[in-house]
Number of protein chains: 2
Amino acid sequence: MDDPPLRILIADDHPVVRAGLRAVLETEPDFVIVAEAATAEEAVELAGSGAADVVLMDLRFGGGMNGSQATAAITARPGAPRVLVVTTYDTDADTLPAIEAGATGYLLKDAPPEELAAAVRTAAAGRTALAPAVADRLMNRLRAPHTVLTRRETEVLALVAEGLSNQGIGERLHLTRATVKSHLAHVYAKLGVDSRTAAVAAALGLGIIRR
Amino acid sequence: MDDPPLRILIADDHPVVRAGLRAVLETEPDFVIVAEAATAEEAVELAGSGAADVVLMDLRFGGGMNGSQATAAITARPGAPRVLVVTTYDTDADTLPAIEAGATGYLLKDAPPEELAAAVRTAAAGRTALAPAVADRLMNRLRAPHTVLTRRETEVLALVAEGLSNQGIGERLHLTRATVKSHLAHVYAKLGVDSRTAAVAAALGLGIIRR
DNA sequence: GCCGGTCTCCACCTTTTGATCGATGCCCGG
DNA sequence: CCGGGCATCGATCAAAAGGTGGAGACCGGC
């Protein structure tokens, strides 16, 4: 084993998780943790210096840029390191943007240590490393092509989810009641529902809106 | 420093988090990690053996018993160890049951290592260790004494959150529309809202209904 | 240059919801 | 045994939401 070491950058806002990933990965003799980042911005900066082969990226940071945005920023550059998303969350809302952003893999934090190490090697080699649960969902996604709401529709729907009336939404967005209703009618059609509450429920399930 | 060591049990379904907590806590010379549990059931069993002074408890496990239930099971016994909840989630839906279940403290995983160690000592001494964010919310909770919906009201509200109409809810529960409306009127009053969608939003925030 | 999607708005009509009065029966605790 | 909370229903009325069938303006792509 005289291969060059595999250089890893850990990006997570939780000190405990950083320590955990470090502890798990350092049991592999050819892995070297070259840096840790506590914010997405920091991760982008450190990844840009070319010091790492693989970035382990969390998706949610306390504030500011999120993990998907950071992933996009990192992978956009030539000669960028591979980004392996390691997160707690396993929903469409989280996975899809991360994968679109150019993540090489997506693991869940409940993965056993060996799987984690194996995924890092897979990612370093440029191949995709997906957690089984994530892989499953992606397959389903391909079968049922996904609902795309326009920006305006999503915006209106988000306000519906906050309990506002059409009138209230209109005032908030400087629109008439008619326009709001029009947007909502389109949303209902796309989601296959026929009431605002059902739309909110469906959208929460699909990860179109959050919380 | 010839104090007896402080014996700690780590309960979390994520290997990475267990490794992280272990790594962080082992920097304290008088801390000893006596065991790790990957399920809530395992945690209850290990805590019952009297081998630990403090249990670090996650709230969400993959399946089966959750952390609050495990906390209740552990603290119910005489001579039980202190339970310190350490989790990612910071919502009423998570904190309140845990505290009611007898947790001595509640920390978030983004706490800095020193704070974590300090909290373990505080908990071991039987004093309450709360993350600032959690403490804040508890204060608010005391000011606005909490909403208790009756079983029927909660049941109706849950169906509203699924997008059913009053008529549909009535059919599902074998009630007339009038009864459903009556229950909902009470729900609105208790939650301080005036529409079904707002009620769903509020209830999700308060953890009265889930997902 | 025209087509399609998006965003904006209007009018008319039906259905649903919410608000406000009720009423009855049940059960539990003081 | 009586009050109060709970659960069940009724009726009425105004407001909101949803359905239908439009229209004009903008913009990007073929």
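So you know, we letter chains A, B, ... as the sequences are listed, proteins then strands, and number each from 1.
Counting only N and O atoms by type, the side chains of B:Thr71 and B:Ser68 include no donor and acceptor under 3.5 Å apart.
For B:Glu41, the side chain to side chain contact (heavy atoms under 4.5 Å, CB included) test picks out B:Thr39, B:Met65, with sequence neighbours left out. Legend: residues meeting side chain to side chain contact (heavy atoms under 4.5 Å, CB included) with A:Glu155, ordered by chain and number and at least two apart, are A:Arg152, A:Leu173. Qualifying side chain to side chain donor-acceptor pair (under 3.5 Å) partners for A:Thr150, counting only residues two or more places apart in sequence or in other chains: A:Glu153. The side chain to side chain contact (heavy atoms under 4.5 Å, CB included) test applied to A:Gln167 returns A:Ser165, A:Glu171, A:Arg177, not counting sequence neighbours. Scored by the side chain to side chain donor-acceptor pair (under 3.5 Å) test, A:Thr154 finds no partners at all (sequence neighbours excluded). By the side chain to side chain contact (heavy atoms under 4.5 Å, CB included) test, B:Thr104 pairs with B:Arg82, B:Ala123, sequence neighbours left out.
One interatomic measurement links the two molecules: CZ of A:Arg177 to P of D:dA17, which rounds to 7 Å at whole-angstrom precision. Between B:Gln167 atom CD and D:dA17 atom C1' there is a gap of 17 Å when expressed in whole angstrom units. Residue A:Leu191 contributes atom CG, which lies 13 Å from atom P of D:dG18 at whole-angstrom precision. In this structure, B:Arg196 places its CZ atom 12 Å from C1' of D:dA16, rounding to the nearest Å. When rounded to the nearest whole Å, the span between CG of B:Leu175 and C1' of D:dC9 equals 10 Å.
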For residues 5-20 of chain A, please give each side-chain donor-acceptor pair under 3.5 Å, one per line with the distance, not counting sequence neighbours.
{"from": "A:Arg7", "atom 1": "NE", "to": "A:Asp53", "atom 2": "OD2", "distance (Å)": "3.2"}
{"from": "A:Arg7", "atom 1": "NH1", "to": "A:Gly50", "atom 2": "O", "distance (Å)": "3.3"}
{"from": "A:Arg7", "atom 1": "NH1", "to": "A:Ala51", "atom 2": "O", "distance (Å)": "3.1"}
{"from": "A:Arg7", "atom 1": "NH2", "to": "A:Asp53", "atom 2": "OD1", "distance (Å)": "2.8"}
{"from": "A:Asp12", "atom 1": "OD1", "to": "A:His14", "atom 2": "N", "distance (Å)": "2.8"}
{"from": "A:Asp12", "atom 1": "OD2", "to": "A:Lys109", "atom 2": "NZ", "distance (Å)": "3.3"}
{"from": "A:Asp13", "atom 1": "OD2", "to": "A:Gly62", "atom 2": "N", "distance (Å)": "3.1"}
{"from": "A:Arg18", "atom 1": "NE", "to": "A:Glu36", "atom 2": "OE1", "distance (Å)": "2.9"}
{"from": "A:Arg18", "atom 1": "NH1", "to": "A:Asp12", "atom 2": "O", "distance (Å)": "2.7"}

Return the polar atom pairs (N/O with N/O) between nucleotides 24-30 of chain D and the protein under 3.5 Å, or none.
none

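Contacts between residues 152-160 of chain A and DNA chain D, defined by a heavy-atom separation below 4.0 Å, involve no residue at all. Listed by residue number, B:Lys181, B:Tyr188 are the residues of residues 178-189 of chain B with a heavy-atom contact under 4.0 Å to DNA chain C.
Direction change of the helix axis from one end of the helix from C:dG1-D:dC30 to C:dG30-D:dC1 to the other is 40°, with five pairs defining each end axis (rounded to 10°).
From the 5' end on, the contacts that DNA chain C makes with chain B at under 4.0 Å to a non-hydrogen atom open and close at C:dT17 to C:dA19.
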